[in-house]
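Everything below concerns the one structure shown next.
Excluded from the calculations below are hydrogen atoms, water molecules and symmetry mates; all remaining heavy atoms, backbone and side chain alike, are included. Every value quoted in this text rests on a predicted model; they were computed, and no experiment measured them.
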Amino acid sequence: MCTANAALGAQAFGGAAQTVGSYYAASAQRAQLRAQADIADIQARGAMAAGEREEQRLRLATAGMKSKQRAAMGANGVDMTSGSAQQVLNTTDVMGEADANTIRSNAIGSAWGYRTQAAMSRAQADGINPGLTALSTGLGAATQVAGSWYQMKNAGLLTQQSQGGGEPVGGTGLRARSGVWGGS
């Protein structure tokens, strides 16, 4: 009997430990997902800032190229207002703008990916309820302990013999004396 009670006690203690552990594990997982979301937000801002810097560098490079083209045309005596000279300068502007738009689009796409990741991490974090997780674990553990108790009781492992007769543990409080329930 002592061994059966000890086994049930150990099983109940293990279930309680699992319940507490599941609460803290769920809390940690939720905190980790929220931290991942915050990091993804920072990465999104970084992607936008990097895109803006790259776009500015490209625009400066395009302006520098255009200046070199003008200087070369001027040194060769080309009329800058003529059709072909103006086409070269316009083409430089158009290609520079196309490249700037590509850089901006890539930065926006990268930032969008990070923001989507942040939103998904926050949604996952919001879906974690440590209290509910612990309750579920606790109910599962209690069910196992109750099942073990029932099996041990039916196997006769939890009966206790007293001086006045045998009464199962958790019985009615009536003891058999002289073959009569509750008699003297």
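S67 places a side-chain N or O within donor-acceptor distance of the main-chain N or O of A63, the cut-off being under 3.5 Å. Looking only at distances, no side-chain donor or acceptor of S136 sits under 3.5 Å from a matching main-chain atom of L132. Proximity of a side-chain donor or acceptor of S121 to a complementary backbone N or O of A118 within less than 3.5 Å is not detected.
Closest approach of A111 to A47, counting heavy atoms only: N-CB, 4.1 Å. A pairwise comparison of heavy atoms in A134 and T19 identifies O-CG2, 3.2 Å as the closest pair. Here the closest heavy-atom approach between residue L58 and residue A100 is recorded as CD2-N, 3.1 Å. In terms of heavy atoms, D79 sits closest to S82 at O-OG, 2.8 Å.
Side-chain atoms of R34 and D126, non-hydrogen and from C-beta on, do get closer than 4.5 Å to each other. By the 4.5 Å heavy-atom criterion applied to side chains, R70 and V88 are not counted as neighbours. The closest side-chain heavy-atom distance from N106 to E54 is not below 4.5 Å. With contacts defined as side-chain heavy-atom distances shorter than 4.5 Å, the pair I108/M48 qualifies. Two residues are said to be in side-chain contact when any heavy atoms from C-beta on lie closer than 4.5 Å; I128 and Q124 fail this criterion. Taking the side chain as every heavy atom from C-beta outward, D41 and R122 approach each other to under 4.5 Å. Residues M73 and L89 have side chains in contact (heavy-atom distance under 4.5 Å, counting atoms from C-beta outward).
In this structure, the separation between NZ on K153 and CG on L8 is 12.5 Å, given to the nearest 0.5 Å. Note that CD1 of I103 and CD of E52 are 12.0 Å apart. Values are rounded to the nearest 0.5 Å. For the atom pair CD of Q144 and CD of Q18, the computed distance is 7.0 Å after rounding to the nearest 0.5 Å. In this structure, K66 NZ and Q69 CD are separated by 8.5 Å, a value rounded to the nearest 0.5 Å. Interatomic distance, R115 CZ to S110 OG, rounded to the nearest 0.5 Å: 10.0 Å.
Note on I42: it does not cluster hydrophobically with Y114, by side-chain heavy-atom contacts below 4.5 Å among ILVMFWY residues. Y150 is connected to L157 through a chain of hydrophobic side-chain contacts under 4.5 Å among Ile, Leu, Val, Met, Phe, Trp and Tyr, so both are in one cluster.
Ionic pairing of R59 and D99 is not present here: no N-O contact between side-chain nitrogen and carboxylate oxygen is shorter than 4.0 angstrom.
In M80, the CE atom is crowded: over 12 heavy atoms of neighbouring residues, nucleotides or ligands sit closer than 6.0 Å.
Among residues at least two apart or in separate chains, there is no salt bridge (Lys or Arg N to Asp or Glu O under 4.0 Å) pair with a member in residues 134-148.
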